[in-house]
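Residue numbers start from 1 in every chain, and the chains themselves are labelled A, B, ... in the order their sequence lines are given, proteins ahead of strands.
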Amino acid sequence: MAQLDASLLTTLPPFSQLSQAQIREILDQASSKRYAVETEIFREGYEADRFYLLLDGHLRVVRTTVDGEQIIALHIPPGQLFGIAPALQRDTYPATAFAASEALALSWPVRLWQPFVQNYPGFATESYKTLGGRLDEMQTRITELATQGVERRVAAALLRLVSQSGSQVEGGVEIAFPITRKNISDMTGTTLHTVSRLLSAWEKAGTVRSARKRIVVTDTNRLSDLSSSAG
DNA sequence: TCATTAAGTATGC
DNA sequence: GCATACTTAATGA
């Protein structure tokens, strides 16, 4: 898109090895779109006609179980590719993506995936690194679900959120998008009540500070202890 | 150890 | 003032 500056992409891993001319080409073929909070970007099971790059904001990627339960698969921070079904040899999206905060994304038609992979050095390897990282995280979480107690899982989830999507604030690091106790319970396989109790206890202990839809981790080391040992 | 039920308060359009 | 977010306690698997 003409109004987008090429410098938006030069620092991002999938494009960092490309010339200005190549980045121009890529931008010229992109559509950019803004998404309001809680807007659906694409839906699980639907034809994957485009792939995306998140420029700003955060996404929540959700899978729906047979009985209609929503499981939060992961959150995506700015700068990452998403909806890259073609990289998985899929023609439908494996999950539904929502804007967790107001978001801005570029997208391209899937038919450009192969040309991108072939023509742009580093694009493929960086894309697969992104996918690999997500796979690692999801496997870690499955293991946690099966083997660890709720407190450890919630502590680990908060740590991942602040490390991937944290912003520095006075006295700690805040999760950079609105997140509810229900959201956290949907990530960790517990209930919003248990998450609420844990956060209340941690707040009393000085480990976190929270308000409605906002969570600040004030003692990362303590959370780290909780996530790895009994506490 | 944790989910569920239930019954309340707080917060924000 | 209503819906949504959150808190807390009690009960029981």
Side-chain angles (χ1 to χ4, degrees), chain A residues 33-44 56-78 95-104 137-231:
Chain A
K33 189 170 172 189
R34 213 185 53 81
Y35 299 88
V37 190
E38 297 303 314
T39 308
E40 184 179 297
I41 300 169
F42 53 75
R43 187 185 293 244
E44 175 178 357
D56 194 26
H58 292 265
L59 305 186
R60 188 175 344 112
V61 178
V62 166
R63 298 211 56 178
T64 307
T65 63
V66 245
D67 40 313
E69 290 281 303
Q70 302 241 296
I71 305 291
I72 297 181
L74 68 144
H75 285 89
I76 295 179
T96 301
F98 293 97
S101 54
E102 174 161 328
L104 176 66
E137 178 182 334
M138 280 153 71
Q139 287 184 342
T140 301
R141 288 179 43 199
I142 289 168
T143 309
E144 285 172 5
L145 259 182
T147 63
Q148 294 172 12
V150 168
E151 185 173 39
R152 287 174 71 168
R153 303 203 305 264
V154 174
L158 282 190
L159 276 180
R160 278 191 290 265
L161 285 168
V162 294
S163 79
Q164 291 166 13
S165 306
S167 67
Q168 216 56 50
V169 295
E170 347 70 55
V173 45
E174 175 173 16
I175 298 171
F177 55 89
I179 187 162
T180 65
R181 279 129 184 83
K182 175 74 164 69
N183 291 151
I184 294 169
S185 67
D186 287 344
M187 305 173 60
T188 52
T190 180
T191 64
L192 73 97
H193 311 276
T194 296
V195 172
S196 177
R197 275 190 293 269
L198 286 171
L199 285 175
S200 295
W202 293 345
E203 182 138 18
K204 273 176 198 138
T207 311
V208 303
R209 184 173 0 115
S210 77
R212 134 180 307 223
K213 294 191 181 184
R214 295 165 28 102
I215 296 173
V216 179
V217 175
T218 49
D219 188 346
T220 318
N221 291 332
R222 174 89 186 112
L223 254 202
S224 186
D225 288 346
L226 288 168
S227 74
S228 56
S229 69

OP1 or OP2 of dT11(B) versus the side-chain N and O atoms of Arg212(A): is any pair under 4.0 Å?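 So the side-chain polar atoms of Arg212(A) never come under 4.0 Å of the phosphate oxygens OP1 or OP2 of dT11(B).
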With a 4.5 Å cut-off on side-chain heavy atoms, are [Y] and [X] touching?
X: Phe177(A); Y: Val37(A); value: no
X: His58(A); Y: His75(A); value: no
X: Gln164(A); Y: Leu74(A); value: no

Send over the distance from [X] [atom1] to [N] [atom2], rounded to a whole Å.
X: Leu145(A); N: dA3(B); atom1: CG; atom2: C1'; value: 15 Å
X: Lys213(A); N: dA10(B); atom1: NZ; atom2: C1'; value: 14 Å
X: Glu38(A); N: dC13(B); atom1: CD; atom2: P; value: 14 Å

Just one of Thr207(A), Val217(A), Val208(A) clears the side chain to side chain contact (heavy atoms under 4.5 Å, CB included) bar with Arg222(A), so which one?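 The passing option is Thr207(A).
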Could Arg209(A) and Glu174(A) be called an ion pair, given the rule that one side-chain N must be under 4.0 Å from one carboxylate O?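 Judged by the 4.0 Å cut-off on N to carboxylate O distance, Arg209(A) and Glu174(A) do not form a salt bridge.
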Can Ser210(A) and Arg181(A) be counted as having a side-chain donor-acceptor contact under 3.5 angstrom?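 There is such a pair between these side chains.
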Does anything in residues 182-204 of chain A come within less than 4.0 Å of DNA chain B? Heavy atoms only, and list the residues if so.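 Those residues whose heavy atoms fall under 4.0 Å from DNA chain B, taken from residues 182-204 of chain A in numerical order, are Gly189(A), Thr190(A), Thr191(A), His193(A), Thr194(A), Arg197(A).
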